[in-house]
Amino acid sequence: MDNIVALAKRRGFIFQSSEIYGGLNGFFDYGPLGSELKKNIRDCWWDDMVRRRDDVVGIETSIIMHPKVWEASGHVAGFTDPLVDCKVSKQRFRADQLFFAPVVVEGKTVGYVSALESENTAGELQAAAETFKRKKAIQGQLLPVQPRDMTEAQPDEVAQIPSPATGEPGSLTPPRAFNMMFETNVGAMRDASSVAYLRPETAQGMFVDFKNVVDTGRVKLPFGIAQVGKSFRNEITPRNFIFRSREFEQMEMEYFIHPEADWLACHEEWLKWCQDWLVSIGLPASHLSLHEHPKAKLAFYSRRTVDIMFRYPFGVQELWGIAARSDYDLKQHQQHSGVPQIYFDEATKQKVVPHVIEPAVGVDRILLAVLCAGYAEEEVKDEKGNVEKRTVLRLSPRIAPVKVAVLPLLKNKELLVARARELYGRLKRKYAVFYDDGGAIGRRYRRQDEIGTPWCVTIDFETIEKDGTFTLRERDSMQQKRITEAELFALLDEKVY
Ligand code: GAP
């Protein structure tokens, strides 16, 4: 992971926000290559989800909405994470990410150990229990630890669990609900009547505009409303680089279906669509898996949620949530606004409140997944047969920030440069292209490998003296072949869509 973060910074993909002031935890900036990559992910999703489908339309709603939206949606009351404070260090932890276990020797609890969630939480707790027993010189057999998280701690246990910040018991508070919405004030008055929220999900925009779209969009059930935009959550523990941040971007789609439609079948269809789409932008299917939320842990609006999980270097984590939200949201808004959220079904002549299937994904999480899956360090031979290290980002041509690098073999040969510039100009009209005439050709290839450019074309003497073809060098195989300009455009047309 450290290598990926270092590459992201070194090559201008991602920077810490406000870095010159020491950064702000949970906020990030995207540099020149990062913003191209992010835009490409967003555009691919929009093209496939909205433009290439007949049953989905797109909208863009405001980030700050009427505060009643969030009362109706349930976010004011229920959009919380369980929080535990350490009174000594003043650090805060998410209770469901802070694990503890009693240290049990010869059947008797002799103390407690704690650890923050990691790939090996149980192992860390076991090691801590052994250390505890050794330090206290307790004799007898230590039982294997039984980890639980702080949401499961009994009141009498809380005082005995050591804080991960200090290693000492007595400073942790019992878990309490912490609302993750960022508050702000609208207008000149700063009082309770002016409180508003930065949206914690884009989804509510689609529900609140449901009637507007139905009345103006000529949509027929089943149909979807999609949106891409920023969301904000005051996460207690932003972590794993851009995986969990406080400002992030979501791509969500609410698919409205007839209340009597087979919602389970529809949910399965979208689950498949989302997995196929991730593979289409280059994520290996072998890194994906599914996680069905247990009934007891479903979000307040959901009757079924399945997450598409991705194998990140820091563990298997949620990438895309596909939830069956029933008619929860439209009914809530109908009740709170007093405006009927009704669809008139011509086929059955029924007035219905549709049900919803919602695939919701974060752009930043996809971007991190493609960086992690694509990053590789390899040993390769240079032109002289010497072994050297190459860092390569195997990004799909669909999303790679630069599609082609144009390289004149020599920068001081006017004819080569002129031909390379011509080609560069023509390619640039349609694609993100990079012109590089600095240094040995092998080094130029390496620079492009590191930023994920799928192809390099080299303009050489054969180009100008013989048949006009140039060398096409492919990033992953590193193979080279002669190609005409028409063939290059055909290749790009096929692979970049
Ligand atoms: N409208 C439903 C909803 O927002 P969610 O599971 O809370 O559901 C959907 O969020 C997706 O948004 C997640 O699967 C994840 O990809 C992304 N996401 C959520 N919180 C995030 C955060 N703090 N940082 C980055 N991405 C986040």
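One-based numbering, in listed order, for ligands and for the atoms of each.
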Does ligand 1 have an atom that lies less than 4.0 angstrom from a heavy atom of Arg325?
-> yes
Say whether Val361 and ligand 1 are in contact under the criterion: heavy-atom distance to a ligand atom below 4.0 Å.
-> yes
Report, as yes or no, whether the 6.0 Å neighbourhood of atom CG on Asp54 holds more than 12 heavy atoms from other residues, nucleotides or ligands.
-> no
Aromatic plane relationship, Trp277 with Trp320 - under 30° parallel, 30 to 60° tilted, over 60° perpendicular | perpendicular
Got an N/O contact under 3.5 Å between Gly362 and ligand 1?
-> yes
Option nearest atom 14 (O) of ligand 1 (shortest heavy-atom distance, choices Glu318, Met309, Glu201) | Glu318
Donor-acceptor pair, [X] side chain versus [Y] backbone, under 3.5 Å?
{"X": "Gln126", "Y": "Val145", "result": "yes"}
{"X": "Ser35", "Y": "Gly31", "result": "yes"}
{"X": "Lys403", "Y": "Pro397", "result": "yes"}
{"X": "Glu36", "Y": "Pro32", "result": "no"}

Do me a favour and list the nearest non-hydrogen protein atom to [atom] with residue, atom name and distance?
{"atom": "atom 15 (C) of ligand 1", "result": "Arg365 NH1, 3.4 Å"}
{"atom": "atom 8 (O) of ligand 1", "result": "Tyr301 OH, 3.9 Å"}
{"atom": "atom 11 (C) of ligand 1", "result": "Ala360 O, 3.5 Å"}
{"atom": "atom 12 (O) of ligand 1", "result": "Gln250 NE2, 3.2 Å"}
{"atom": "atom 18 (N) of ligand 1", "result": "Phe248 CE1, 3.6 Å"}
{"atom": "atom 1 (N) of ligand 1", "result": "Glu252 OE2, 2.4 Å"}
{"atom": "atom 19 (C) of ligand 1", "result": "Arg233 NH1, 3.5 Å"}
{"atom": "atom 24 (N) of ligand 1", "result": "Ser245 N, 3.0 Å"}

May I ask you to list the atoms of ligand 1 that are less than 4.0 angstrom from any heavy atom of [X]?
{"X": "Ala203", "answer": "1 (N)"}
{"X": "Gly321", "answer": "14 (O)"}
{"X": "Phe243", "answer": "24 (N), 25 (C), 26 (N)"}

Identify whether NZ of Lys or CZ of Arg in Arg365 sits under 6.0 Å from the centre of the six-membered ring of Phe243 and within 45° of that ring's axis.
-> yes
Cation-aromatic face contact Arg398/Tyr497, 6.0 Å, 45 degrees | yes
Pairwise distance CD1(Ile14) to CG(Leu33) - rounded to 0.5 angstrom = 10.5 Å
Quick one: are the ring centres of Phe241 and Phe28 less than 6.0 Å apart?
-> yes
Just let me know how Leu319 lines up against ligand 1, side chain, backbone, both or neither, with a heavy-atom cut-off below 4.0 Å.
-> backbone
What part of Glu358, side chain from CB on, backbone N/CA/C/O, both or neither, has a heavy atom under 4.0 Å from ligand 1?
-> side chain
Heavy-atom side-chain contact between Val352 and Ile342 under 4.5 Å | no
